[in-house]
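Keep in mind that what you see is a predicted model, and the values were worked out from it rather than measured.
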Amino acid sequence: MPELPEVETIKRGIASHLEGQIIKSVLVRETRLRWQVTDKINIILPKQTVISVKRRAKYLLFECDKGHILIHLGMSGNLQILPSNTELKKHDHVDIIFSNGQCLRYNDPRRFGCILWTEAPVFEHKLLANLGPEPLEKTFNGKYLYDRAKKRQVAIKNFIMDSKIVVGVGNIYANEALFTARISPERAAGKVSLNEYKRLADIIKKTLQVAIKMGGTTLRNFTDSAGNPGYFKQTLQIYGKGGEICSQCGTIIHTKKIGQRMTYYCPICQR
DNA sequence: AAAAGGACCTGGTGGC
DNA sequence: TGCCACCAGGTCCTTT
C-alpha cells in the first residue's frame, strides 16, 4: 500500500497522539506477519513511554525508554489511533494500548508488514543499516544518482526503486517521476546523463512533497491514521492509466512489466 | 558485485 | 452466481 508519502502521512497523524504516552499493554492477535511478532513485546513494552515517533524510509520508528519499536506496513498495512474498546475488524492483528485509553491498532490483510523490537542502536538494525539516502535530504541529488549509476545496466525505473540507492520511491511515484522527467523507464541507469539525473532528482523530491501535502495516494483502501483517504490520486499523470491518452502528446499510454512491476509510460514523451 | 526471479499473503476484479 | 486467473501501494532472499 504505502510509499513514502503515505507512511509520512501516517507518521504525522499519530506522532502527537503517542509522544509522551505510556504503554499500558500490548495485544497480539496474529503473530504471523512478515517476521514473527515476538511475544517479548507483551512483557517489555508495558510501562515504557513513547519518546518520539520517526520515519526512516518506509519504516516507522517508535523510540521508547528501552529501545525501538520498528513497524513496516508492507503492501496493505495501516495504523489507526482509536479508543481501545473500538470493535475489531478483520485483520486487526496488533493493538498497542496506552494508559490514556487510546490504542494504536495495526491492520494488515496481506501480512507483508512487520512489527519488531530492538534494543540496539536503531539505525544499525539490519533492515536500516544499508539503506540509501532519504529522497528529501540534500545528499540525494542528481550528482549522487549519476555517480551511483555509472556502468549500471539495470533499468532506470528499477534503479530509483532500489532502496540501497534511494529510499521511499515505490511503483506509483517511480512511474510518475519518470514521466515528468521524460525519461524512458527501460533506459539503462548508466545511460542517463548528469543533467537528466538532476532533473529527475528534483522531480522525485517535488512529486513526493506534493503527495505528502495531499495526504498520500489512495488507490483502493489507503487511509491516514484517522481513516481519511489521500488525494494525490487526482494528480496522477501516468500511473494506472494504460490505454488512456498522454496528457502531453495524445499518444496512447503503454504498459509493460519491468522488474515484475507494472509500468506505465508514454513512448513519445519518454526517451 | 549486479541482475533477475521467487517468495511471502489476502482480496478485488474481470472474463467465461 | 460461480469459478478461475490475474492483479495489487514492498522488499528480502536465493540463484545466476
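Listed by first then second residue, pairs satisfying side-chain hydrogen bond (donor to acceptor under 3.5 Å, both in side chains) with a partner in residues 80-93 of chain A read A:Asp92-A:Asn107, not counting sequence neighbours. The stretch residues 62-76 of chain A participates, sequence neighbours left out, in these salt bridge (charged side-chain N to carboxylate O under 4.0 Å, His left out) pairs: A:Lys54-A:Glu63. Listed by first and then second residue, the salt bridge (charged side-chain N to carboxylate O under 4.0 Å, His left out) pairs that reach into residues 242-269 of chain A are A:Glu186-A:Lys256, sequence neighbours excluded.
In this structure, the CD1 atom of A:Ile172 is 13 Å from the P atom of C:dT11, given to the nearest Å. Between the CD atom of A:Glu3 and the C1' atom of C:dT11 there is a distance of 13 Å, rounded to whole Å. Nucleotide C:dC6 holds its P atom 18 Å from the CZ atom of A:Arg261, rounded to whole Å. Between the C1' atom of C:dG9 and the CD atom of A:Glu8 lies a distance of 17 Å, rounded to the nearest Å. In this structure, the CD atom of A:Gln260 is 15 Å from the C1' atom of C:dC6, given to the nearest Å. Straight-line distance from the CG atom of A:Leu128 to the P atom of C:dG10: 17 Å, rounded to whole Å. In this structure, A:Leu33 atom CG and C:dG10 atom P are separated by 18 Å, rounded to whole Å. Atom CD1 of A:Ile160 and atom P of C:dG10 are 12 Å apart (whole Å).
On the P atoms, B:dA1 is 22 Å away from C:dT11, given to the nearest whole Å. Atom P of B:dC9 sits at a distance of 16 Å from the matching atom of C:dT14, rounded to the whole Å. Taking the P atoms as reference points, C:dG9 lies 22 Å from B:dA3, given to the whole Å.
With the nearest nucleotide of DNA chain B identified for both A:His91 and A:Arg34, A:Arg34 has the one nearer the 5' end. When the nearest nucleotides of DNA chain C are assigned to A:Ser163 and A:Leu219 by heavy-atom distance, the more 5′-ward of the two goes with A:Leu219.
Using a 4.0 Å heavy-atom criterion, one finds that A:Tyr239 contacts the sugar-phosphate atoms exclusively. Note on A:Thr255: nothing from the nucleic acid sits closer than 4.0 angstrom, heavy atoms only. A:Lys233 comes within contact range of no nucleotide atom at all, as no heavy-atom separation falls under 4.0 Å.
The aromatic ring centres of A:Phe232 and A:Tyr239 sit 6.0 Å or more apart.
Taking a cutoff of 4.0 Å between a charged side-chain nitrogen and a carboxylate oxygen, A:Glu196 and A:Arg182 do not qualify as a salt bridge. Using a cut-off of 4.0 Å between Lys/Arg side-chain N and Asp/Glu carboxylate O, A:Arg29 and A:Asp95 are scored as salt-bridged. Contact check on A:Lys143 versus A:Asp147 returns a salt bridge, with a Lys/Arg side-chain nitrogen under 4.0 Å from an Asp/Glu carboxylate oxygen.
Considering all non-hydrogen atoms of both residues, A:Leu79 and A:Leu73 come closest at CG-CD2, 4.0 Å. The two residues A:Ser163 and A:Val167 come nearest to each other via the heavy atoms O-CG1, 3.6 Å. Across A:Ile183 and A:Gln270, no two heavy atoms sit closer than the pair O-NE2, 3.0 Å.
For A:Lys257, the listed nucleotide lying nearest its side chain is C:dC7; candidates were C:dG9, C:dC13, C:dC7. Checked against C:dT11, C:dC13, C:dA8, the side chain of A:Lys126 finds its nearest nucleotide in C:dC13.
Residues from residues 105-120 of chain A placing a heavy atom under 4.0 Å of any atom in DNA chain C, listed by number, are A:Arg110, A:Phe112.
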- Query: In dot-bracket, 5' to 3', how would DNA chain C read with Watson-Crick or G-U wobble pairs under 3.5 Å, [ ] for crossing ones and | for pairs to another strand?
  - Reply: .|||||||.|||||||

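Taking side-chain N and O atoms only, A:Tyr59 has a distance below 4.0 Å to OP1 or OP2 of C:dC12.
You'll find the side chain of A:Pro267 reaches within 4.5 Å of the side chain of A:Thr251, heavy atoms only.
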- Taking it one step at a time, do A:Lys40 and A:Glu119 satisfy salt bridge (Lys or Arg N to Asp or Glu O under 4.0 Å)? CA-CA 12 Å; A:Lys40 194 181 169 189; A:Glu119 296 178 13; 3.7 Å; yes

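Looking at A:Lys151, its side chain never comes within 3.5 Å of a backbone N or O of A:Gly190 through a donor-acceptor pair.
In 5' to 3' order, the nucleotides of DNA chain B bounding all contacts with chain A (an atom under 4.0 Å from a heavy atom) are B:dA2 to B:dG11.
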